[in-house]
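Report on the following structure.
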2 protein chains.
Amino acid sequence: MGIQNNIHETISSLTSAEKRAAHALLANYPSVGLATVAEFASEAATSAPTILRFVARLGFESYPDFQRALRSEIEAGLLSPLQKRHPDTHLNEPEPTTISQHVECVDQNMRTTLNAVPKSEFESACNLISDTKSGVYFLGGRFTDAIAAYMASHLRIVRPGIRRFNGQVSTWNDQILDIKPGDVAVILDIRRYQKDLLDVAKALTNRKVKIILITDVWLSPVSKYAKIVLPCGIETEHTWDSNAALFILAEAIIVSVTRANWNKTRKRLQAIEDLHWNKTE
Amino acid sequence: MGIQNNIHETISSLTSAEKRAAHALLANYPSVGLATVAEFASEAATSAPTILRFVARLGFESYPDFQRALRSEIEAGLLSPLQKRHPDTHLNEPEPTTISQHVECVDQNMRTTLNAVPKSEFESACNLISDTKSGVYFLGGRFTDAIAAYMASHLRIVRPGIRRFNGQVSTWNDQILDIKPGDVAVILDIRRYQKDLLDVAKALTNRKVKIILITDVWLSPVSKYAKIVLPCGIETEHTWDSNAALFILAEAIIVSVTRANWNKTRKRLQAIEDLHWNKTE
DNA sequence: ATTCTTTTGTAACATTAATTCCGAAAACAA
DNA sequence: TTGTTTTCGGAATTAATGTTACAAAAGAAT
């Protein structure tokens with residue numbers, strides 16, 4: 001498959017003007033193909049109809065159809081297969097193991113996340129969580145709830161007013177009643193989005209609660225109600241999505257909020273440490 | 001420059017519908033931007049005019065103008081800076097942020113972990129957890145307990161006999177009584193090692209329970225009782241240690257165990273999915 | 001609650017682009 | 001050269017897209 005291959009196979013049966021079109025496209029693939037027919041034509045030093053005939057020969061119904069195909073190639077990352085594999089792992093790859101494969105996968109997702117989360121959004125989120133005047137509530141989905149717990153367990157030390165939605169889904173609505181307008185809710189929801197989370201988000205919005213949503217790049221429907229959306233890469237090659245990027249983002253938030261509340265935190269840290277942790281010896 | 005940067009700088013001043021547009025574009029950059037306004041709008045769950053306003057905010061004269069800019073980025077090969085490898089992104093480093101710093105830090109720890117965990121140990125651990133003849137119990141420390149919960153929530157779907165130590169520390173000893181000799185316990189413990197975990201480990205060993213320990217590279221004292229030890233990198237430059245590597249290792253275990261039990265899993269997956277997740281609409 | 005401001009989508013509009021038609025030019029054969 | 005076939009591009013047609021104006025809805029402020 002792949003449009004480029006398609007061109008290579010077809011090119012011999014093309015007329016000379018059409019060949020020019022083919023070469024123009026291959027020359028700087030795929031950008032000219034994403035322009036208008038007229039621009040493509042002028043790039044190939046030919047006329048619009050020739051471009052259309054060319055595209056038809058490749059087997060596309062129409063020019064927009066052809067462009068759609070190009071775009072989906074870009075999405076699929078088929079583009080630049082040279083950059084696809086790391087340039088620096090030349091030879092002596094130490095044979096991929098489950099762990100190393102997963103590490104590479106997480107690496108990808110981390111960087112996707114880095115791209116998808118605007119700095120300003122991240123900072124706004126941290127500011128909201130840092131503000132000790134409002135309470136902060138944590139809630140996650142089936143799998144992401146563990147990450148909510150992780151965040152809460154740290155931030156509890158950093159500042160007061162940290163709460164979690166816990167227990168049965170059916171009790172969530174009761175718990176909402178404790179939340180005051182102006183408070184902050186951090187919701188985690190990745191695909192196979194959970195309807196109950198959406199319902200809670202709606203209810204929270206009605207109570208004027210500011211929602212920070214941590215989700216995947218396709219955005220949970222909760223984003224509709226969220227004041228801040230932090231999208232993460234989660235894709236893998238197998239059954240389970242990876243929540244590692246969410247976890248890492250969560251840690252980054254913890255770091256940032258800790259910095260913001262540092263003066264208050266250090267005392268608490270000391271106190272809680274002495275109190276709670278029992279030394280090994 | 002670069003349009004993505006442009007978006008990151010502008011996004012904070014956008015209205016919520018416009019933000020959705022921004023996120024939709026960042027989500028799979030740049031392909032949606034190359035589609036028609038209408039398609040872009042539907043992807044961002046908004047209307048065409050919002051897209052146009054969004055594009056205008058980015059400083060483009062018109063939508064075609066905006067698309068031209070995207071195309072010239074593709075030509076310039078600026079595309080996929082996300083897939084770029086870190087060591088060689090010398091030029092145009094986009095200034096380190098809290099997130100990017102943390103990502104680099106986690107990257108380090110991941111690779112440390114990769115070196116520290118012997119392939120054979122990892123596989124043995126997975127084999128133990130895969131064996132449905134014995135129950136598997138999960139227990140973590142103050143912060144790592146969330147990871148224990150994360151593992152359990154997945155593995156519960158993969159196989160029966162998954163349990164967690166839950167609730168108060170004081171009740172743990174009671175819970176040990178339920179565990180049969182030959183069962184498996186996965187314990188997570190990183191520095192500021194917890195004495196109570198050590199106590200549990202000792203008790204478990206007395207009951208002939210096989211312990212899999214996930215810890216840091218300095219090894220929790222629980223390692224004395226553990227059959228298998230999986231050490232992870234956790235170091236950071238600030239207050240908190242990072243548990244990301246543990247999380248990733250946990251995910252790798254989940255993947256591996258899922259593969260081993262795949263035939264049994266797929267049915268359970270389907271069943272539970274239908275039952276538990278309530279569809280969005 | 002009421003007003004004002006801001007945001008957002010609907011619908012009409014204007015513009016641009018894709019497509020088709022057809023004749024001219026080129027290529028080839030006799 | 002002449003007739004025939006194929007290729008190609010100009011120009012009109014049609015379809016689609018981008019754009020704008022305006023009104024409804026949402027939200028903030030009083």
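Lettering follows sequence order; numbering is per chain, from 1. All values below were derived from every heavy atom in this structure, side-chain atoms included, with hydrogens, water molecules and symmetry-related copies excluded.
Atom CD in B:E61 sits about 17 Å away from atom P in D:dG18, given to the nearest Å. Regarding B:L52, its CG atom lies at a distance of 14 Å from the C1' atom of C:dC13, rounded to whole Å. Atom CZ of B:F54 and atom C1' of C:dT8 are 16 Å apart (whole Å). Atom pair A:E18:CD and D:dT6:P shows a separation of 14 Å (rounding to whole Å applied). The distance between atom CD1 of B:I51 and atom P of C:dT7, rounded to the nearest whole Å, is 16 Å. In this structure, CZ of A:F40 is placed 16 Å from C1' of C:dT19, rounded to the nearest angstrom. When the C1' atom of C:dA18 is taken as reference, atom CG of A:L34 falls 16 Å away, rounded to whole Å. In this structure, OH of A:Y63 is placed 13 Å from P of D:dT17, rounded to the nearest angstrom.
With distances taken from any side-chain atom of A:A48 to the nucleotides D:dA21, C:dT8, C:dT19, the minimum falls on C:dT19. The nucleotide whose nearest atom lies closest to any side-chain atom of A:A17 is, among C:dA11, D:dG10, D:dC8, D:dC8. Among the nucleotides C:dG9, D:dC8, C:dT20, the one closest to any side-chain atom of B:T46 is C:dG9. Distance from the side chain of B:S47 is smallest for C:dG9 among the nucleotides C:dT20, D:dT7, C:dG9.
Counting only heavy atoms from C-beta outward, the side chains of A:L204 and A:Y137 never approach each other to under 4.5 Å.
Salt-bridge formation is not detected for the pair A:R207/A:D183: no Lys NZ or Arg NE/NH1/NH2 atom is positioned less than 4.0 Å from an Asp or Glu carboxylate oxygen. Note on A:E61 versus A:R68: no salt bridge recorded, every NZ/NE/NH1/NH2 to OD/OE distance being 4.0 Å or above. A salt bridge is absent between A:K119 and B:E9; no separation between the charged side-chain nitrogens and carboxylate oxygens falls under 4.0 Å.
Listed pair A:T36 / C:dT16 fails the phosphate criterion, with no side-chain N or O lying under 4.0 Å from OP1 or OP2. An OP1 or OP2 oxygen of C:dA18 is reached within less than 4.0 angstrom by no side-chain nitrogen or oxygen of A:S62. Contact annotation: B:T50 side-chain N/O to C:dT7 OP1/OP2 distance is not under 4.0 Å. Contact between the side-chain N/O atoms of B:S16 and the OP1/OP2 oxygens of C:dT8 is found at a separation under 4.0 Å.
For DNA chain D, none of the residues of residues 64-71 of chain A falls under the heavy-atom distance limit of 4.0 Å.
Closest-nucleotide positions on DNA chain D for B:R53 and A:T15 were compared, and the one nearer the 5' end corresponds to A:T15.
Considering CD1 of B:I99 and CZ of A:F122, their distance stands at 4.5 Å, rounded to 0.5 Å. To the nearest 0.5 Å, atom OG1 of residue B:T98 and atom CZ of residue A:R259 are 5.0 Å apart. Atoms NE2 and CD, on B:H154 and B:E251 in that order, are 7.0 Å from each other to the nearest 0.5 Å.
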